[in-house]
Structure formats: C-alpha cells, structure tokens
Asks: 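Pasting a structure below so you can have a look.
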Amino acid sequence: IRGYFKIFVQKGIELSPQCEKEKVFLTWRQGTKPQNTGKSNPVVCTHKTADFETTATITTTIYQSQSDKRKFEEKLVHFTVKHEKETIAKGTLNLASIAEEITHETTIGLTKVGAGVE
C-alpha cells in the first residue's frame with residue numbers, strides 16, 4: 001500500500017542532563033528519498049525535556065508480508081535528537097505497525113547516547 005504519514009512529535013523527555021539550557025533539534029529519516037528526511041527548529045531543553053512541536057511527513061510504500069498476509073513488512077523512521085552535531089538520543093518508529101490506522105498515538109523510546117548517559 002502507498003502510505004502518507006503525518007507524524008506530529010510533541011516533545012522529547014528524559015533527555016541527557018548535558019543538554020539542559022542548550023538548544024537541541026530533532027531529525028528524521030525514512031529510506032533514502034530527500035522528501036522523507038527533515039529536521040525541527042532548534043528548541044531549548046529544560047528539565048531534560050525539549051518541546052519540539054514539529055510534524056514529519058513521510059510518503060512511502062509498505063509491502064504486505066509474504067509469510068503472513070495480515071501483516072506488513074517493516075518500514076522504519078529513524079529519529080535523532082541532536083545538540084549542535086552531537087547525537088543526544090535516537091529511536092525508531094515502524095510505520096508498518098500503524099499502516100491501517102487513521103490516527104495513532106504512541107510514545108517512541110529514545111536511547112540516550114554519548115556523554116552524560118546515566
């Protein structure tokens with residue numbers, strides 16, 4: 001199926017203490033097409049939280065699983081929280097898991113990386 005996904009990212013929580021009072025931004029990428037990549041405006045991280053309030057739009061084709069016709073093959077969107085050029089946290093969302101839903105709300109677990117990881 002050809003899918004158009006509008007992913008609203010409200011905020012990043014429990015970020016590294018090293019980003020406190022610093023500007024951070026969110027990037028996303030799905031595949032190699034330039035239209036499926038982007039980044040948010042920089043926001044100031046306070047109390048280990050960054051209020052991104054940004055929308056990622058992804059247009060992609062999701063294929064039905066050959067082994068189970070009720071499922072779709074994995075199609076990942078990669079999210080990264082950055083401070084300047086340094087990666088603070090990253091996570092993924094599998095679009096196949098929400099392919100047949102009109103509206104879906106979820107929490108994406110971000111793995112902290114780099115200095116300041118507790």
Side-chain angles (χ1 to χ4, degrees):
I1 65 170
R2 187 85 173 142
Y4 174 78
F5 297 87
K6 204 170 177 181
I7 304 165
F8 178 71
V9 180
Q10 184 175 10
K11 61 186 170 184
I13 60 173
E14 297 298 319
L15 297 173
S16 170
Q18 83 181 66
C19 75
E20 192 67 22
K21 304 285 188 234
E22 298 287 338
K23 285 190 176 183
V24 296
F25 61 95
L26 178 74
T27 65
W28 57 89
R29 176 182 54 80
Q30 191 285 307
T32 57
K33 294 180 181 170
Q35 66 266 29
N36 287 341
T37 63
K39 76 177 194 177
S40 71
N41 290 323
V43 296
V44 176
C45 180
T46 54
H47 306 292
K48 298 194 290 185
T49 301
D51 294 318
F52 294 115
E53 301 280 327
T54 193
T55 301
T57 56
I58 307 289
T59 302
T60 190
T61 301
I62 298 179
Y63 297 98
Q64 198 169 30
S65 170
Q66 296 301 308
S67 59
D68 185 347
K69 298 293 183 191
R70 295 170 293 167
K71 295 183 180 180
F72 294 98
E73 291 180 8
E74 185 175 78
K75 188 69 79 159
L76 300 178
V77 179
H78 301 277
F79 293 94
T80 306
V81 178
K82 293 187 173 190
H83 170 252
E84 295 174 359
K85 293 187 179 192
E86 183 180 351
T87 297
I88 302 294
K90 52 187 169 179
T92 58
L93 170 65
N94 184 1
L95 295 176
S97 67
I98 59 172
E100 295 185 302
E101 299 183 37
I102 303 278
T103 301
H104 181 82
E105 187 173 319
T106 189
T107 299
I108 301 169
L110 297 175
T111 304
K112 296 177 193 172
V113 297
V117 174
E118 298 167 355

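Note that this is a predicted model, so its numbers are computed, not measured.
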Asks: Would you name the heavy atoms of Glu22 and His83 that are closest together and state the gap between them?
Replies: OE1-NE2, 3.2 Å

Asks: Between the side chain of Glu73 and the main-chain N/O of Tyr63, is any donor-acceptor distance below 3.5 Å?
Replies: no

Asks: Decide whether Phe25 and Leu15 are clustered together by the hydrophobic rule: side chain heavy atoms of Ile, Leu, Val, Met, Phe, Trp, Tyr closer than 4.5 Å, transitively.
Replies: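 No; Leu15 is not reachable from Phe25 via cluster members.
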
Asks: I'd like to check the side chain to side chain contact (heavy atoms under 4.5 Å, CB included) partners of Val43; sequence neighbours left out, ordered by chain and number.
Replies: Val24, Ala50, Phe52

Asks: Run the side-chain hydrogen bond (donor to acceptor under 3.5 Å, both in side chains) test against Glu20 and tell me which residues pass, sequence neighbours left out.
Replies: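 Checked Glu20 against side-chain hydrogen bond (donor to acceptor under 3.5 Å, both in side chains); zero matches.
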
Asks: Pairs under 3.5 angstrom only: tabulate donor-acceptor contacts from the side chains of residues 32-42 to other protein residues two or more places apart or in another chain.
Replies:
unit_1, atom_1, unit_2, atom_2, d
Asn36, OD1, Thr59, N, 3.1
Asn36, ND2, Gln30, OE1, 3.3
Asn36, ND2, Thr59, O, 2.9
Thr37, OG1, Pro34, O, 2.8
Ser40, OG, Leu26, N, 2.9

Asks: Mind checking side chain to side chain contact (heavy atoms under 4.5 Å, CB included) for Lys85 and listing every partner two or more places apart, or none if nothing turns up?
Replies: none

Asks: Just list the side-chain donor-acceptor pairs under 3.5 Å for residues 3-11, sequence neighbours left out, or say none.
Replies:
none

Asks: Is a side-chain N or O of Ser97 found less than 3.5 angstrom from the main chain of Leu95, in a donor-acceptor match?
Replies: no

Asks: For His78, enumerate each residue passing the side chain to side chain contact (heavy atoms under 4.5 Å, CB included) test, keeping only those at least two apart in sequence or located in another chain.
Replies: Arg29, Leu76, Thr92

Asks: Kindly compute the distance separating CD (Glu14) from NE2 (His47), expressed to the nearest 0.5 Å.
Replies: 12.5 Å

Asks: State which residues pass salt bridge (Lys or Arg N to Asp or Glu O under 4.0 Å) with Arg2; sequence neighbours excluded, sorted by chain then number.
Replies: none

Asks: Compare all side-chain heavy atoms of Cys45 with those of Lys21 and state whether any distance is below 4.5 angstrom.
Replies: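 No; the side chains remain at least 4.5 Å from each other.
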
Asks: Verify whether one side chain among Gln18 and Glu86 offers a donor that lies under 3.5 Å from an acceptor in the other.
Replies: yes

Asks: Kindly say whether Asp68 contributes a backbone atom to a donor-acceptor pair with the side chain of Ser65 at under 3.5 angstrom?
Replies: yes

Asks: Test of understanding: clusters of I, L, V, M, F, W, Y form through side-chain heavy atoms closer than 4.5 Å, transitively. Do Ile62 and Trp28 belong to the same one?
Replies: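 Yes; tracing contacts between hydrophobic side chains, which count when under 4.5 Å, links both residues.
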
